[in-house]
Amino acid sequence: MKKIPIVDDEVQILKALSRVFFDTDYAIFTAESGQAALSLLEQHEIDLVISDMRMPLMDGYELLSKVKETYPDIIRIILSGYADESTVFKAILHNIAKFYLLKPWHNEKLLCCIDQVFETEELLKSKDLLVLI
């Protein structure tokens, strides 16, 4: 089972996203701050992090930068609003995140994207791919 923490300072967003993943094979954790998310990473083997960009104290860019530095194999995704476009672009440019999704999200699209990210990562790490190359 893949483990995914969702990080957002808005509790209602965390509740809504938890409901989206309720009937999936993903184990979802929620964190209301970057520091809480880092604590989760210390306690669990995490596969993917979904983070908002705008948060007090530690924003999503700083959080995902720390995740990249400390846990480079964890997949990092931004889920953020339109107002954060320049920060999101900077994060993608510096490989802080694989990609981003905009708020408001579509539940089916979000789940499909997460599934595709995991499938792509598995293919890229496949020994069969290395043989083909």
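Using a cutoff of 4.0 Å between basic side-chain nitrogens and carboxylate oxygens, Lys103 and Asp52 are scored as salt-bridged.
Remark: side-chain polar atoms of Arg19 are not paired, donor with acceptor, to backbone N or O of Leu14 under 3.5 angstrom. Between the side chain of Asp47 and the main chain of Lys3, a donor-acceptor pair closer than 3.5 Å is present. With hydrogens and angles ignored, the 3.5 Å screen pairs a side-chain donor or acceptor of Arg76 with a backbone N or O of Ile96.
Here CD1 of Ile50 is found 11.0 Å from CG of Asp8. Values are rounded to the nearest 0.5 Å. To the nearest 0.5 angstrom, Leu110 atom CG is 12.0 Å from Leu102 atom CG. Atoms NZ and CG, from Lys125 and Asp73 in turn, are 5.0 Å apart once rounded to the nearest 0.5 Å. Ile114 CD1 to Lys2 NZ: the interatomic distance, rounded to the nearest 0.5 Å, is 12.0 Å. In this structure, CZ in Phe29 is found 11.0 Å from CD1 in Ile6, a value given to the nearest 0.5 Å. We find the CD1-OH distance between Ile46 and Tyr71 to be 9.0 Å, quoted to the nearest 0.5 Å.
Partners of Gln116 by side chain to side chain contact (heavy atoms under 4.5 Å, CB included), not counting sequence neighbours, listed by chain and number: Cys112. Residues forming a side chain to side chain contact (heavy atoms under 4.5 Å, CB included) with Thr120 (at least two apart in sequence, or on another chain): Leu124. Scanning for side chain to side chain contact (heavy atoms under 4.5 Å, CB included) contacts around Thr24 gives Phe21, Tyr26, Leu111, with sequence neighbours left out.
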For this session: Check the pair Thr30 / Ser18 against side chain to side chain contact (heavy atoms under 4.5 Å, CB included), numbers first and verdict last.
Result: CA-CA 8 Å; Thr30 58; Ser18 293; 3.4 Å; yes

For this session: Just do the side chain to side chain contact (heavy atoms under 4.5 Å, CB included) check on Tyr100 and Ile77 with the steps written out, would you?
Result: CA-CA 6 Å; Tyr100 71 97; Ile77 295 176; 5.8 Å; no

Exercise. Hey, mind stepping through Lys15 and Val11 against side chain to side chain contact (heavy atoms under 4.5 Å, CB included) and telling me if it holds?
Worked result: CA-CA 6 Å; Lys15 287 180 181 179; Val11 176; 3.7 Å; yes

Exercise. Passes side chain to side chain contact (heavy atoms under 4.5 Å, CB included), Phe118 versus Ile4? Steps please.
Worked result: CA-CA 11 Å; Phe118 282 124; Ile4 304 172; 4.0 Å; yes

Throw together a table of side-chain donor-acceptor distances under 3.5 angstrom for residues 56-68, partners on residues two or more places apart or in other chains.
{"from": "Asp59", "atom 1": "OD1", "to": "Tyr61", "atom 2": "N", "distance (Å)": "3.3"}
{"from": "Asp59", "atom 1": "OD1", "to": "Glu62", "atom 2": "N", "distance (Å)": "2.8"}
{"from": "Ser65", "atom 1": "OG", "to": "Tyr61", "atom 2": "O", "distance (Å)": "2.8"}
{"from": "Lys68", "atom 1": "NZ", "to": "His94", "atom 2": "O", "distance (Å)": "3.2"}

Side-chain donor-acceptor contacts of residues 31-45 below 3.5 Å, not counting sequence neighbours, with atom names and distances?
{"from": "Ser33", "atom 1": "OG", "to": "Ala36", "atom 2": "N", "distance (Å)": "3.1"}
{"from": "Ser39", "atom 1": "OG", "to": "Gln35", "atom 2": "O", "distance (Å)": "3.3"}

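Listed by first and then second residue, the side chain to side chain donor-acceptor pair (under 3.5 Å) pairs involving residues 104-113 are Trp105-Asn107 (not counting sequence neighbours).
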